[in-house]
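One structure is given here, and the rest of the page talks about it.
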Amino acid sequence: MIPPLRVYNTLSRQKEVFEPLAPPHVGMYVCGPTVYSDVHLGNVRTFLSFDIIYRYLKQQGYKVRYVRNITDVGHLLGETNEGEDRISQKARLENLEPMEVVQRYTNGFHEVMQQFNILPPSIEPAATGHIVEQIGLTQRLLEQGLAYEVNGSVYFDVSKYNQEHNYGKLSGRNVEELIANTRELEGQEIKRNPADFALWKKAQPEHIMRWPSPWGPGFPGWHLECTVMSTKYLGERFDIHGGGMDLKFPHHECEIAQSVGSCGVDPAKYWVHTNMVTINGQKMSKSLGNSILPSQFITGNHPLLDQPYSPMVLRFFMLQSHYASTLDISMEALQAAKKGYLKLMNGMRVLRNLEYSEQEGIEFNEKGAQQVKGLCDNCYRSMNDDFNTAQTIGHLFNLVKKINALQTGQLSTAELGREVFDQMKQTFISFTEEVLGLREELDLRPENLLEALLEVYRQAKEQKDYERVDQIRASLRNSGIVVKDMKQGIDWAYEE
RNA sequence: GGUCUCGUGGCCGAGUGGCUAGGCAAGGCUCUGCAAAAGCCUCUACAGCGGUUCGAAUCCGCUCGAGACCUCCA
């Protein structure tokens, strides 16, 4: 009835039926952030997209091991050989120990993930925790003759690799073209070929982050960590490897080359790439300086924002488009998303309180029941079609209409029948909360509610409605709160 | 310059060779002490030009436009 889950695989450039290598287990590796600065909304979208995949696979009964790394070394800045490591640079600029930089932004990243209700991965390994393995992999590639050492640095020999394998198959380019189109850059002479990439870099004397190695003190190249950590925790071959589109080349291409080169195995069966968040039609990126931070959305404190937007509104907003499409931010779209999100949450609240009941004179309506059942099935259908959250949300809204009609009595549960009613309730809640990860974020400050209640108390007192006064006191006492009715005014305190 | 993606109604955004996406906005109706909520209905589409087809927004070609990657970026 419902077609099987299909996933768009960048390798084949088409949707493929999802068949794990060793069901019910699924191994998924996602390239995490480089923790040298705050994550912006574009970063969040990627991790949100994989959060959805993770959640849906789990809902489908798979046992998922989800590995998402933290890049805390090796990510070079600039184009030249002498380019500085991002973490190092930040540490120097802020006068911090590199690991302080790493810790600060890792904490910040985790906080944002939590705000957006993005589940933590099963394993979150850091590059600096796997230096030994990275040196090991570099050695193996040297032994295979696929790498060469120059002056304390080790490079991957792309053209050598390409003699037997296909460097560029993921991102769809060929090595000759790559070489022909590479600009001449300062400091690249020591590489045999401009397309070669660093496995291990010699640390300059002033470089703070350094580890001993067979080639002298240095630090690992960026691409190495993902190969090492995915292999270590998921095996040489695993199911899904993901990341942002902008990592396709060179990062993921290099990963494939490292894996195939060292152990002869293509690391991932399915490559999944998420698209970019744009603002005014242009990619949001740290280097372009047009990024908006989650904290700025939440406070509304940014020149481009007209008002604050909460994490759940943003989560909903992002889920209203497909992960492989670019998503443009505009105030109109955000406001529409805000209302839509609230509509969905209202539906959820109504549904939670709905119970099935037979009613005199109301008959089962086969057609209506089938329609609701169809909407439920459609949720699975849409998610099975390459995790199409946008379409799923559309179906949920159709269900909201039914839910609201049930609440106002325009529709009766008896018309749906118990089976369909239960299915609707189960499906709606499961998809909204578990799969889409949307939750209410009602900010009912206890203080505000108490104030309102004490105001009623005040008025009751004035009107000498002592029955009501006692009632309010009693109900507050149930919550561990006593009313302090003093000459100076009315206040409350925790009951001691 | 090379490679690739995209161009859907007032806005956002799915989608498929023929069957209502959905949200927001606008208009109308029902319900309602008032108001709100809710339900129902309506409106404006598939960049342009050709081609394939019984039929294309969906496939192919060209044109125009936008973007991404090719160098760090999720």
Side-chain angles (χ1 to χ4, degrees), chain A residues 10 13 30-34 36-37 39-50 68 71 75-80 83-86 89 109 168 171-174 176-183 185 188 194-195 197 222 242-251 253 273-278 280-288 291 316-317 319-344 346-347 350 375 378 382 385 388-411:
Chain A
T10 308
R13 275 156 250 275
V30 172
C31 293
T34 303
Y36 71 103
S37 67
V39 287
H40 58 66
L41 197 73
N43 304 123
V44 173
R45 161 130 106 144
T46 291
F47 303 124
L48 169 64
S49 300
F50 289 105
R68 188 185 65 206
T71 297
H75 210 151
L76 292 185
L77 190 66
E79 304 172 325
T80 73
E84 198 173 6
D85 181 282
R86 286 173 179 274
Q89 188 210 39
F109 169 63
S171 52
R173 50 198 93 195
N174 68 62
E176 291 76 41
E177 253 173 38
L178 271 174
I179 294 167
N181 286 323
T182 309
R183 283 178 282 158
L185 297 169
Q188 286 217 323
F197 56 91
W222 175 38
M245 288 277 194
D246 45 3
L247 295 185
K248 223 192 271 184
F249 187 90
H251 185 55
E253 204 69 73
H273 289 98
T274 61
N275 217 322
M276 303 290 113
V277 169
T278 62
N280 295 322
Q282 199 181 33
K283 174 184 175 184
M284 183 185 283
S285 98
K286 289 172 185 172
S287 45
L288 288 171
S291 46
F316 177 84
F317 169 69
L319 293 180
Q320 264 193 310
S321 70
H322 188 256
Y323 74 81
S325 305
T326 54
L327 174 60
D328 196 58
I329 298 219
S330 70
M331 290 315 105
E332 295 76 18
L334 283 174
Q335 276 175 29
K338 185 174 183 175
K339 293 197 176 186
Y341 160 73
L342 293 172
K343 184 178 202 142
L344 199 61
N346 281 331
V350 170
L375 289 172
N378 281 346
S382 295
D385 187 11
N388 194 331
T389 52
Q391 203 173 60
T392 304
I393 287 172
H395 301 314
L396 290 176
F397 275 117
N398 283 327
L399 283 172
V400 167
K401 283 187 188 167
K402 301 295 175 192
I403 291 165
N404 284 327
L406 284 169
Q407 187 196 32
T408 56
Q410 288 150 297
L411 180 68

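All of these numbers come straight from a predicted model, not from anything done at the bench. Lettering of chains follows the sequences in order, A, B, ..., and the numbering in each one begins at 1.
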Spacing between [X] atom [atom1] and [N] atom [atom2], to the nearest angstrom:
X        : N      : atom1 : atom2 : value
A:His251 : B:rC69 : NE2   : P     : 16 Å
A:Leu334 : B:rC24 : CG    : P     : 15 Å
A:Leu406 : B:rC31 : CG    : P     : 21 Å
A:His322 : B:rU16 : NE2   : C1'   : 15 Å
A:Tyr36  : B:rA74 : OH    : C1'   : 11 Å
A:Leu288 : B:rA74 : CG    : P     : 13 Å
A:Asp246 : B:rC72 : CG    : C1'   : 10 Å
A:Asp328 : B:rA66 : CG    : C1'   : 11 Å

Identity of whatever pairs with [N] - Watson-Crick or G-U, under 3.5 angstrom:
N      : value
B:rC24 : B:rG10
B:rG18 : B:rC54
B:rG39 : B:rC29
B:rU5  : B:rA66

At under 4.0 Å, does any side-chain N or O of [X] touch on OP1 or OP2 of [N]?
X        : N      : value
A:Asn404 : B:rG39 : yes
A:Asn378 : B:rA21 : no
A:Lys343 : B:rC24 : yes
A:Thr326 : B:rA68 : no

Same-atom distance ([atom1]) from [N] to [M], integer angstrom:
N      : M      : atom1 : answer
B:rG17 : B:rC59 : C1'   : 8 Å
B:rC54 : B:rG48 : P     : 24 Å
B:rC62 : B:rU52 : C1'   : 15 Å
B:rC49 : B:rA57 : P     : 11 Å
B:rC6  : B:rG61 : P     : 13 Å
B:rG23 : B:rU30 : P     : 23 Å
B:rU58 : B:rC19 : P     : 14 Å
B:rA47 : B:rU42 : C1'   : 27 Å

Can you tell which of [options] lies closest to the side chain of [X]?
X        : options                : result
A:Gln410 : B:rA74, B:rC69, B:rA38 : B:rA38
A:Thr274 : B:rA74, B:rC11, B:rC72 : B:rA74
A:Gln391 : B:rA68, B:rG15, B:rC72 : B:rG15
A:Ser330 : B:rC12, B:rG15, B:rA74 : B:rC12
A:Asp385 : B:rA38, B:rG22, B:rU16 : B:rU16
A:Arg86  : B:rA21, B:rC72, B:rA74 : B:rC72
A:Lys283 : B:rA74, B:rA38, B:rA25 : B:rA74
A:Val277 : B:rA74, B:rC24, B:rG22 : B:rA74
A:Lys401 : B:rA14, B:rC40, B:rA74 : B:rC40

Describe the nucleic acid contact of [X] in one word from base, sugar-phosphate, nothing, applying a heavy-atom distance below 4.0 Å.
X        : value
A:Ser321 : sugar-phosphate
A:Gln282 : sugar-phosphate
A:Met245 : nothing
A:Ser49  : nothing

Original post:
In Å and rounded to the nearest 0.5 Å, what is the NZ to CZ distance from A:Lys339 to A:Phe316?
Top reply: 13.0 Å
Subject >> Nearest-0.5 Å distance, CD1 of residue A:Ile329 to CG of residue A:Leu334 >> reply: 5.5 Å
Original post:
Can you find a side-chain donor-acceptor pair between A:Lys248 and A:Thr10 that sits under 3.5 Å?
Top reply: no
**OP:** Would you mind telling me which of A:Ile393, A:Thr392, A:Leu327 makes a side chain to side chain contact (heavy atoms under 4.5 Å, CB included) with A:Gln320?
**Re:** A:Ile393
Original post:
Is there a donor and acceptor pair closer than 3.5 Å between the side chain of A:Arg173 and the base of B:rC4?
Top reply: no
Original post:
Which residue lies toward the 5' end of RNA chain B, A:Gly172 or A:Leu327, if each is placed at its nearest nucleotide?
Top reply: A:Gly172
Subject >> Closest-nucleotide ordering on RNA chain B, the 5'-leading residue of A:Leu375 and A:Phe317 >> reply: A:Phe317
**OP:** Check the pair A:Val277, A:His40 against side-chain contact (heavy atoms from CB on, under 4.5 Å), reporting the backbone distance first and the verdict last.
**Re:** CA-CA 10 Å; A:Val277 169; A:His40 58 66; over 6 Å; no
Heavy-atom closest pair, residues [X] and [Y]:
X        : Y        : value
A:Thr46  : A:Gly243 : CG2-C, 4.2 Å
A:Thr274 : A:Phe50  : CG2-CE1, 3.5 Å
A:Cys31  : A:Phe47  : O-CE2, 3.4 Å

